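What follows is one structure encoded as structure tokens, with my remarks underneath.
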Amino acid sequence: MPETRYQRVVIKISGEALQGDKSFGLDDRVALSLTDEIKRAHDLGVQIAIVLGGGNICNGLLGAALNMEQAASDYVGMVATIMNSLVLQECLSNKGIDTRVQTAIAMPQLAEPYIRLRAVRHLEKGRVLILGGGTGNPHVTTDSAAALRAAELKAELLMMGKNGVDGVYTDDPKRNPNASLLSKISFDEFLARRLEVIDTAAISLCQTNRIPICVFDCLGKGNIRHILQGEAIGTLISNNKDLE
């Protein structure tokens, strides 16, 4: 079996990535491609937990357009992440991968409730664990939910998979054509520069728990597997000593 740098990781996949080129919903080609990527990573023997976003079904713009209260909009978004989780579970199961979905919002007919020790046990048994429903609380992003689960599960790396974003730039490349990609950056510098590609609460949580973050394009072929094998892809955000 090929050597891997990490034994247990949490992978956050944005809802927008699942949307692909569609204006709404889930692109089946993207879902199947991601399934193949996750299977290749799982075949390396790495313990994998996945946190999915729900922006392909419900995002803040929709809530604002409907004049929804923030909490109500966030709860709809949590349900959207669970819908995505159930789809991904079926895709992985069809590839022969033993998979479990746990949710922060109780839905016993569909999935297990999130219980940390049970989640750890699933990982130890080699199952891919999909975590839906965010943290179960409004006003908290799925980035922060992924960071929280990474800390609870003692993950060695949090992989932040974005849609068409191949890492952290010095500025927004859409606004500034001179913005350059950063291969590495410390947590302190990320916060000082006020970079917005990741929720600052998630950054602070990972900094406190010394969990490095890799920001990468989750739709890039082979990226997940290559990162797990130690290749420099995307941007690594970590403590200063880890970057030396």
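Since we're looking at a predicted model, the values are computed, not measured.
Between Asp36 and Lys221 there is no salt bridge, since no side-chain N of the basic residue sits under 4.0 Å from a carboxylate O of the acidic one. Ion pairing between Asp171 and Arg193 fails under the 4.0 Å rule for side-chain N and carboxylate O.
By the 4.5 Å heavy-atom criterion applied to side chains, Thr142 and Lys12 are counted as neighbours. The shortest side-chain heavy-atom distance between Glu124 and Arg8 falls under the 4.5 Å cut-off. With contacts defined as side-chain heavy-atom distances shorter than 4.5 Å, the pair Met159/Tyr6 does not qualify. Contact of the Met160 side chain with the Val165 side chain is not registered, since no non-hydrogen atoms from C-beta on lie closer than 4.5 Å. Side-chain contact check for Met78 versus Pro138: some heavy-atom pair is nearer than 4.5 Å. Contact check for Asp98 versus Lys125: no side-chain heavy atoms found under the 4.5 Å cut-off. Using a 4.5 Å cut-off on side-chain heavy atoms (C-beta onward), Leu92 and Ile130 make contact. When side chains are defined from C-beta on, Leu148 does not count as touching Val140, because their heavy atoms never get closer than 4.5 Å.
Cluster membership for Leu191 and Leu158, using ILVMFWY side-chain heavy atoms within less than 4.5 angstrom, is shared. Hydrophobic clustering (ILVMFWY, side-chain heavy atoms < 4.5 Å, transitive): Leu88 and Leu32 are in distinct clusters. Residue Leu205 is not grouped with residue Val9 when hydrophobic side chains (ILVMFWY) are merged at heavy-atom distances under 4.5 angstrom, including chains of intermediate members.
Remark: of the listed residues Asp74, Val76, Leu66, Val76 is the sole one forming a side-chain contact (heavy atoms from CB on, under 4.5 Å) with Cys58.
Here the shortest heavy-atom pairing between Tyr169 and Leu181 reads CD2-N, 3.5 Å. Residues Gln102 and Ala119 share a closest heavy-atom pair of OE1-CB, 3.4 Å. The heavy-atom pair separating Ile224 from Ala41 by the smallest distance is CG2-CB, 3.7 Å. Of all the heavy atoms in Phe24 and Ile57, the pair that sits closest is CE1-O, 3.1 Å. Across all non-hydrogen atoms, the minimal contact from Gly134 to Thr81 is N-OG1, 4.0 Å. Cys218 approaches Ile13 most closely through the heavy-atom pair SG-CG2, 4.1 Å.
The environment of Lys22 atom NZ is dense: over 12 non-hydrogen atoms of other residues, nucleotides or ligands sit within 6.0 angstrom. By the neighbour-count criterion of 12 heavy atoms within 6.0 Å, atom CG of Asn94 is densely surrounded, having more than that number from other residues, nucleotides or ligands.
No donor-acceptor pair under 3.5 Å is formed between the side chain of His122 and the backbone N or O of Val101. Judged by distance alone, with hydrogens and angles left aside, the side-chain atoms of Gln19 form no donor-acceptor pair with the main-chain N or O of Leu26 at under 3.5 Å. Using modelled atom types, no side-chain atom of Ser238 and backbone atom of Pro212 make a donor-acceptor pair closer than 3.5 Å. In this structure, Lys95 contributes its side chain and Ile38 its backbone to no donor-acceptor pair below 3.5 Å. Using modelled atom types, no side-chain atom of Thr135 and backbone atom of Ala145 make a donor-acceptor pair closer than 3.5 Å.
Distance OG1/Thr170 to CD1/Ile185: 9.5 Å, rounded to 0.5 Å. Rounding to the nearest 0.5 Å places OG of Ser23 at 11.0 Å from CG of Asn56. In this structure, CZ on Arg100 lies 10.0 Å from CZ on Arg118, to the nearest 0.5 angstrom. Of the inter-residue distances, the one linking Leu195 atom CG with Asp172 atom CG reads 10.5 Å to the nearest 0.5 angstrom. Taking CD from Gln7 and CG from Leu123, the interatomic distance works out to 12.5 Å, rounded to the nearest 0.5 Å. With values rounded to the nearest 0.5 angstrom, Arg29 atom CZ is found 11.5 Å from Leu219 atom CG.
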Q.
Set out, in order, the CA-CA distance, both residues' side-chain angles and the distance that settles side-chain contact (heavy atoms from CB on, under 4.5 Å) for Ile237 and Ile198, then state yes or no.
A. CA-CA 11 Å; Ile237 309 172; Ile198 301 175; 3.9 Å; yes
Q: Run the numbers on Arg149 and Tyr114 for side-chain contact (heavy atoms from CB on, under 4.5 Å), then give the verdict.
A: CA-CA 10 Å; Arg149 298 302 183 231; Tyr114 173 72; 3.4 Å; yes
Q) Hey, mind stepping through Leu157 and Ile227 against side-chain contact (heavy atoms from CB on, under 4.5 Å) and telling me if it holds? A) CA-CA 10 Å; Leu157 178 70; Ile227 291 169; 3.9 Å; yes
Q: Start with the C-alpha gap between Gln229 and Leu44, add the side-chain angles, then the distance that decides, and say whether side-chain contact (heavy atoms from CB on, under 4.5 Å) holds.
A: CA-CA 9 Å; Gln229 292 176 316; Leu44 296 174; 3.8 Å; yes
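At a cut-off of 3.5 Å, with distance as the only test, no side-chain donor of Asn163 or Ser14 sits close to an acceptor on the other residue.
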